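Only this structure's heavy atoms are used, side chains among them; waters, hydrogens and symmetry mates stay out. These figures come from a predicted structure and were not determined experimentally. Note that ligands are numbered from 1 as they come in the structure, with each ligand's atoms numbered from 1 the same way.
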Amino acid sequence: MALEVVILAAGMGKRMHSVLPKVLHPVAGEPLLFHVIKTACALNAETVHVVTGHGGEMVQKRCQDLDPALYGKLSFHTQKEQLGTAHAVSCAMDGVKDGNTVLVLYGDTPLPDPALLEPLTHVPQEGMNLLTVKMRHPFGYGRIVRDAQGQVSHIVEEKDATESEKQISEVNSGILAASGATLKHYLPRIGNHNAQGEYYLTDLTGIMVADGRTVQTTVTEDEERLAGVNNKVQLADVERTCQKLRARKLMEEGVTLADPARIDIRGSVIHGKDCCIDINVILEGKVVLGDNVTIGAGCVIRNCEIGDNSVISPYTVMEDSVLKVHNTIGPFARLRPGNLLEDEVHVGNFVEVKKSHVGKGTKAGHLSYLGDSEIGKDVNIGAGTITCNYDGANKHRTVVGDDVFVGSDTQLVAPVTVEAGATIGAGTTVTRTVPAGSLVITRARPRIIENYARPVKAKKE
Ligand code: UD1
Ligand code: CA
């Protein structure tokens, strides 16, 4: 039997108080829904049915940002009115094959462990599997009501529960699995006579039990991973859980974290051996670290590849850049998109680099802007060097050859070329090609006036 997954994502999320549909609120930098879709695909689902409604167009459009291999598995279904979770599942049933197993996941419950879900997909003959959770604070969840023999009898929602039912700590995760045929048979039998006037998917349990069908429960204590997001407090809780899991995974793989509670990973991290990450670092998008890479406190790194033995010092912000080995960057450096830094490059404090290719051993230690440039090997960029790459209308390139010495406070007015081995005196404005091996200097000669008398402050009347 092949697996099909139905993800409920049509709810408005009233308690979020937001114009953004609930399932698009981000956890670890991507929509709640994306986490669920990835889980569904990790379980090898043949088709992933996404039921959308509130903000449906926005949700469908956002899904186009997914990896094409995942997006290709999606099938969207519209639930015009949000009449409840059972109604939402029935909206997807047209696309479901009777003989397939259907796993229902919730778009607002992003962190279930695939290892916990896989066994659920082996459904008892004509029956159903239900995932339940023991929760210390069950408030808000549907409660699992069991008979004297401990067999599940039905589920009662918080709003419909009696005082004694509210004491039950075993709750409905919302996640269940049954065959397509079973769901198609029982969903139409669910009514909406309850406190919210909704068609509750949870009623499936009571109806199937009463009909003598097997409802098998799997109880887990992993309440953190099955927490749903209904408001911003729960969104923050789920974010913390997700970050804790990611930090733990990195440490298990050998990365040293100064404090696992103070790192945020909003994407994927690939790394070599002996990497160390200090506190308050944010890694976004696709980050690749070689061996022995050190990242200082407060760095924000997005879509970068950082080669072996590189040191990124505190408060560096970098994106879409490739750094080869033995680079030293920061503190307080800014790498904007499109850089390729060869081996042993040094980019120091308050240096901004953009769309530049910087050669091996080149150093820009302090207070500079290098944009749209091609800089050779072993170049010294003095403090305060600026590539004037923008003429107010277009961007132009600066080319600096190997072994050039750029004195402090130099302006390189692009397009311009400085050939290999040239020397630029401090304070120079370079506006045309500097030939190889030459010195260029545009500095007014100093005039000295001896015994100069400074103006004195006028006395107040
Ligand atoms: C639901 C369960 C509850 C369970 C909890 C777990 C029901 C009736 N209740 O409650 O037993 O403990 O989840 O988190 O199922 N949705 C639709 N269409 C609708 C209504 C909801 O697609 O008409 C979607 C929502 O977008 C959401 C999910 O279904 O992703 C759950 O809906 P929500 O309203 O959050 O249900 P809960 O009150 O949390
Ligand atoms: Ca919910």
Side-chain angles (χ1 to χ4, degrees), residues 5-16 18 20-25 27 31-37 39-40 49-56 58-60 76-93 104-112 130-135 137-145 152 154-161 165-166 168-176 187 190-207 217 219-220 222-235 237-238:
V5 172
V6 174
I7 302 177
L8 304 190
M12 160 156 81
K14 217 183 283 168
R15 292 164 276 179
M16 298 296 275
S18 169
L20 194 67
K22 177 163 77 175
V23 295
L24 292 187
H25 282 267
V27 158
L32 288 165
L33 180 60
F34 285 18
H35 294 265
V36 188
I37 291 171
T39 302
H49 302 274
V50 181
V51 181
T52 64
H54 184 83
M58 220 195 285
V59 173
Q60 293 191 26
F76 291 100
H77 305 267
T78 305
Q79 184 193 24
K80 287 207 185 77
E81 274 183 285
Q82 279 65 68
L83 302 178
T85 44
H87 179 251
V89 175
S90 55
C91 290
M93 283 301 114
V104 177
L105 299 177
Y106 283 16
D108 70 351
T109 306
L111 305 178
L130 188 67
L131 182 62
T132 74
V133 200
K134 281 265 203 282
M135 284 209 177
H137 304 291
F139 176 80
Y141 292 89
R143 306 297 204 285
I144 306 295
V145 181
V152 60
H154 63 280
I155 301 174
V156 62
E157 289 302 292
E158 173 85 30
K159 286 184 177 141
D160 301 290
E165 285 168 337
K166 283 181 186 163
I168 299 172
S169 64
E170 184 185 9
V171 310
N172 173 31
S173 70
I175 296 169
L176 57 82
L187 284 172
I190 293 175
N192 64 349
H193 305 294
N194 50 53
Q196 303 190 82
E198 286 185 6
Y199 296 89
Y200 289 167
L201 183 60
T202 46
D203 285 353
L204 199 60
T205 300
I207 293 174
T217 53
V219 190
T220 167
D222 198 355
E223 60 178 298
E224 282 191 318
R225 295 193 70 156
L226 288 158
V229 174
N230 299 304
N231 57 41
K232 294 286 173 78
V233 174
Q234 291 174 327
L235 183 69
D237 287 343
V238 164

Colleague: So if I count the atoms of ligand 1 from 1 in the order they appear, which ones are less than 4.0 Å from some heavy atom of Lys22?
Modeller: 35 (O)

Colleague: Distances under 3.0 Å only: what protein N/O/S atoms are near the Ca ion (ligand 2), ordered by chain and residue?
Modeller: Asp108 OD2, Asn230 OD1

Colleague: What protein heavy atom sits nearest atom 15 (O) of ligand 1, and how far away is it?
Modeller: Thr85 OG1, 2.7 Å

Colleague: In terms of residue, atom name and distance, what is the protein heavy atom nearest to atom 30 (O) of ligand 1?
Modeller: Leu8 O, 3.0 Å

Colleague: With a 4.0 Å cut-off on heavy atoms, is Arg15 touching ligand 1?
Modeller: yes

Colleague: So which bit of Ala88 gets within less than 4.0 Å of ligand 1, heavy atoms only: side chain, backbone, both or neither?
Modeller: side chain

Colleague: May I ask you to check whether Asn172 has an N/O atom sitting below 3.5 Å from an N/O atom of ligand 1?
Modeller: yes

Colleague: Considering the heavy atoms of Ser173, write down every atom of ligand 1 situated less than 4.0 Å from one of them.
Modeller: 6 (C)

Colleague: Look at ligand 1 and say whether Gly53 reaches it with a heavy atom at a distance under 4.0 Å.
Modeller: no

Colleague: Test of understanding: given a 4.0 Å heavy-atom threshold, classify the contact between Glu198 and ligand 1 as side chain, backbone, both, or neither.
Modeller: neither

Colleague: Does Gln234 approach ligand 1 within less than 4.0 angstrom via side chain, backbone, both or neither, non-hydrogen atoms only?
Modeller: neither

Colleague: Starting from atom 25 (C) of ligand 1, which protein heavy atom do you reach first, and at what distance in Å?
Modeller: Gly11 N, 3.6 Å

Colleague: Starting from atom 20 (C) of ligand 1, which protein heavy atom do you reach first, and at what distance in Å?
Modeller: Gly84 C, 3.8 Å

Colleague: Looking only at protein heavy atoms, identify the closest one to atom 1 (C) of ligand 1 and say how far it is in Å.
Modeller: Tyr106 CE2, 3.7 Å

Colleague: Starting from atom 33 (P) of ligand 1, locate the nearest protein heavy atom and write down its residue, its atom name and how far away it is, to 0.1 Å.
Modeller: Asp108 OD2, 4.3 Å

Colleague: If you have a sec, work out which protein heavy atom is nearest atom 10 (O) of ligand 1 and how many Å separate them, to one decimal?
Modeller: Glu157 OE1, 3.9 Å

Colleague: Suppose we measure from atom 18 (N) of ligand 1 to each protein heavy atom; which comes out shortest, and what is that distance?
Modeller: Gln79 OE1, 2.7 Å

Colleague: Do any heavy atoms of Asn230 fall under 4.0 Å from ligand 1?
Modeller: yes

Colleague: For ligand 1, indicate whether the residue Ala86 contacts it via side chain, backbone, both or neither (heavy-atom separation under 4.0 Å).
Modeller: neither

Colleague: Any protein heavy atom at under 4.0 Å, with atom 36 (O) of ligand 1 as the reference point?
Modeller: no

Colleague: I want to know if ligand 1 touches Leu201 in the polar sense, i.e. an N/O pair below 3.5 angstrom.
Modeller: no

Colleague: Name all residues meeting the side-chain contact (heavy atoms from CB on, under 4.5 Å) criterion together with Lys14; count only those two or more places apart in sequence or in a different chain, and write none if there are none.
Modeller: Met12

Colleague: Any nitrogen or oxygen of Gly142, main chain or side chain, under 3.5 Å from a nitrogen or oxygen of ligand 1?
Modeller: yes

